[in-house]
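Okay, so here's the structure we're looking at.
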Protein chains: 2
Amino acid sequence: MSTIKDVARAARVSIATVSRVVNNDAKVSDKTRASVLKVMADIGYTPNANARALVTQKSSTIGVVIPDLTDPFFASLANGVDQVARQHHMQLLLSTGQISAESELQAINVLIERRCDVMVVHSKKIKAEVLLKLAEKIPGLVLIDRYIAAIAHRCVWLDNEEGGRIAARHLMSLSHQHIAYISSKYEIDDPLTRLKGFTEQLPQQHLTSSPDLIAYEEPNLRGGEIAAQKLLAKGLPFTAIFVYNDAMAIGAISTLEDNGFKVPSDISIIGFDDVLFSRYSRPKLTTLRYPIEQMAKKAALLALQLSKGEVSDEEHKYIPNLVKRESTAIAATTK
Amino acid sequence: MSTIKDVARAARVSIATVSRVVNNDAKVSDKTRASVLKVMADIGYTPNANARALVTQKSSTIGVVIPDLTDPFFASLANGVDQVARQHHMQLLLSTGQISAESELQAINVLIERRCDVMVVHSKKIKAEVLLKLAEKIPGLVLIDRYIAAIAHRCVWLDNEEGGRIAARHLMSLSHQHIAYISSKYEIDDPLTRLKGFTEQLPQQHLTSSPDLIAYEEPNLRGGEIAAQKLLAKGLPFTAIFVYNDAMAIGAISTLEDNGFKVPSDISIIGFDDVLFSRYSRPKLTTLRYPIEQMAKKAALLALQLSKGEVSDEEHKYIPNLVKRESTAIAATTK
DNA sequence: GTGAAAGCGCTAACAG
DNA sequence: CTGTTAGCGCTTTCAC
């Protein structure tokens, strides 16, 4: 691969001049510029970004830490960041880390090695104090989908508890009295917080929650199927299910229908996230919209600002909103 | 951010020694190693990957060029590459380029600037000769989802024509006589090739294809909806649709059902790709399996080998296979 | 085992 | 406008 020196030699100028035309920076005579440009094209010169990053101390890449790309939720997240990156002529460096503190830390570390100025991190398992230390070290680090009070202005997060409340109110407004919950088996805050908001709303209609009506599985399509089976197997009556996310909701519907239950006439289902797909499921899924792409853009923009030393102490809290579609309806007569 | 010099100074050794322990490379006395390690931990040293890449001339990142992350098909592709990257302790550098020659080229160029040793490129619009030149320049470049004879052993692709044939045979075996085709509006080979295979199979049952029964739209859920509407609007009789991909197929089903048509009893639908979601649509989608993740892994592995100078002249052609689910059935009596 | 020194490709003063 | 030069942080001979 040719270097700046090769170009300089061939164009009979100094490397400084070549550098100038590459960065179309300082004043270079049109003539010189043209001839350098020509040489570059001829020998197929491509500047070395690593060398450039080394001397300028900036990598012009935005790092993203997510668990996994196949989950459409995280794909949307990455996509939001990517859009901002493109807008700013930066690249996306993806670092996937399973849901474990060690793996998440490892993923962040990779980004640091690359001297990512800007990073959007989805971390569920790293302890707050560790994250705090990291945030101190890396000005352009922003947390998404997590809230830590001490760095509230560097968190872009969703009010999960409110989401739970909204779901509860919606289901209760449809006269449901026995509501099950399908939850994620991962030990992270979100499913708990959603359940908390949900449960706390129940007494308003003199309902109570029952731990027996909760099933924990992997937060994906398959997990939803299994969770629904488990719920069914218990033989307890319920007319609605609040499901941790859309993927599980759709999996659950699949199981339910395969077992002869009609959604929503027999059982109502409400999901969470409003991934693209939810609008196309049959029945179309009622869910809580989690504007993750928008949030990811916000996070990327924020990280960009922070990396430049700009600070603001705004909070970036988002509230999910109810998207009523077809998977919820008035409760069937209680069995 | 601290450097190797800081560590050397604090540990009272030379930078060479620090470098050695970082790469836990040569022989360093246990004592020295321990003390260096301690200093590194104390001051929070993280090696600079850019500097390292500069001197070693290798970036330890795998580059991926795809149009877009929100499409689950491409997310799976990226995920496959990511898995290989993780296995080899490398990072994923993502370069998204819309479907245009210029934008794809730009995306590849970014990877070259970063001196990506290894890259998996999904390019539909760059001309073969340009790609050939690029491939010559970059030994670790592999094309996915595209076939160029001159570099056949560096292409990992699917036989789309055969896919079309399989779809046609399946539908004909169910006695369908009037079959529509929902296609992508992008001017790329795939939809054409699939249609070609499909059409060429028709005469076997004395059927002919009709350009009137083809609708072109964006290859996503929304596009499928619109395409189905267009087809319906024509008022021509058909009992089955061969759809360019699963996303469009699901969109089409949505439109069809909203218009009172039952799938598959009124109209059969067969998709293409077998994205995760297809198994959970209602009705469950009959489709052609495109093992993209597996292919992406293969491509990444191949690129890795090539970058090391290992060559083999195997071909990497994949054949889609029919996944029968619920969206196709015996043709309704022709109207 | 360990250190000194050269240099990867580039940018950014500083001269002229 | 253009060239010289000093590093950026690191790896890698080559001595000792």
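Heavy atoms only: backbone and side chains are in, while hydrogens, waters and symmetry mates are out. Chain letters run A, B, ... following the sequence lines, proteins first and then strands; every chain starts at 1.
- Regarding B/Asn24, its CG atom lies at a distance of 16 Å from the P atom of D/dC10, rounded to whole Å.
- Between B/Arg146 and B/Asp189, none of the side-chain N atoms (NZ, or NE/NH1/NH2) sits under 4.0 Å from a carboxylate O, so this pair counts as no salt bridge.
- The side chain of B/Val55 lies closest to C/dC8 when the candidates are D/dG3, C/dC8, C/dG9.
- Which of D/dG9, C/dC10, C/dT2 sits closest to the side chain of B/Thr17 comes down to C/dT2.
- Looking at the side chain of A/Ala16, the nearest of the listed nucleotides C/dC10, C/dG1, D/dG3 is D/dG3.
- If you take CZ of A/Arg9 and P of D/dT4, they are 14 Å apart, rounded to a whole angstrom.
- Dashed line: the shortest gap from a side-chain N or O of A/Thr3 to OP1 or OP2 of C/dC8 is not under 4.0 Å.
- Candidate nucleotides C/dA12, D/dT12, D/dG9 were compared by shortest atom distance to the side chain of B/Leu54, and D/dG9 ranks first.
- Atom CG in A/Asp25 sits roughly 15 Å away from atom P in C/dC10 (whole-Å rounding).
- Of the side-chain N and O atoms in A/Gln57, none sit less than 4.0 angstrom from OP1 or OP2 of C/dT11.
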Going through the checks in order, is the side chain to side chain contact (heavy atoms under 4.5 Å, CB included) test met by A/Glu104 and A/Gln98?
CA-CA 7 Å; A/Glu104 290 176 357; A/Gln98 317 313 319; over 6 Å; no

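- OP1 and OP2 of C/dG1 both lie 4.0 Å or more from every side-chain N or O belonging to B/Thr32.
- Ion pairing between a basic and an acidic side chain is recognised when a charged N comes within 4.0 Å of a carboxylate O; A/Lys308 and A/Asp117 show no such pairing.
- With a 4.5 Å cut-off on side-chain heavy atoms, A/Trp157 and A/Lys317 count as touching.
- No donor-acceptor contact under 3.5 angstrom links the side chains of A/Thr46 and B/Glu113, judged on distance only.
- Between the NZ atom of A/Lys27 and the P atom of C/dG16 there is a distance of 19 Å, given to the nearest Å.
- Ranked by how close their nearest DNA chain C nucleotide is to the 5' end, B/Ala51 and B/Ser14 are led by B/Ser14.
- With rounding to whole Å, A/Arg20 atom CZ is found 10 Å from D/dT4 atom C1'.
- Closest contact between the side chain of B/Asn48 and the listed nucleotides D/dC10, D/dT11, C/dG9 involves D/dC10.
- In this structure, A/Arg52 atom CZ and C/dG9 atom P are separated by 15 Å, rounded to whole Å.
- An OP1 or OP2 oxygen of D/dC10 is reached within less than 4.0 angstrom by no side-chain nitrogen or oxygen of B/Ser19.
- The phosphate of C/dT11 (OP1 or OP2) has no side-chain N or O of A/Lys58 nearer than 4.0 angstrom.
- A/Ile15 places its CD1 atom 8 Å from the C1' atom of C/dG9, with the value rounded to the nearest Å.
- At the phosphate of C/dT2, OP1 or OP2 sits under 4.0 Å from a side-chain N or O atom of B/Ser29.
- Heavy atoms of B/Val13 sit under 4.0 angstrom from primed sugar atoms or phosphate atoms, though from no base atom.
- A/Arg114 and A/Thr61 form no side-chain donor-acceptor contact under 3.5 Å, judged by distance and modelled atom types alone.
- Across the protein-nucleic acid pair, B/Asn50 atom CG and D/dG7 atom C1' stand 16 Å apart, rounded to whole Å.
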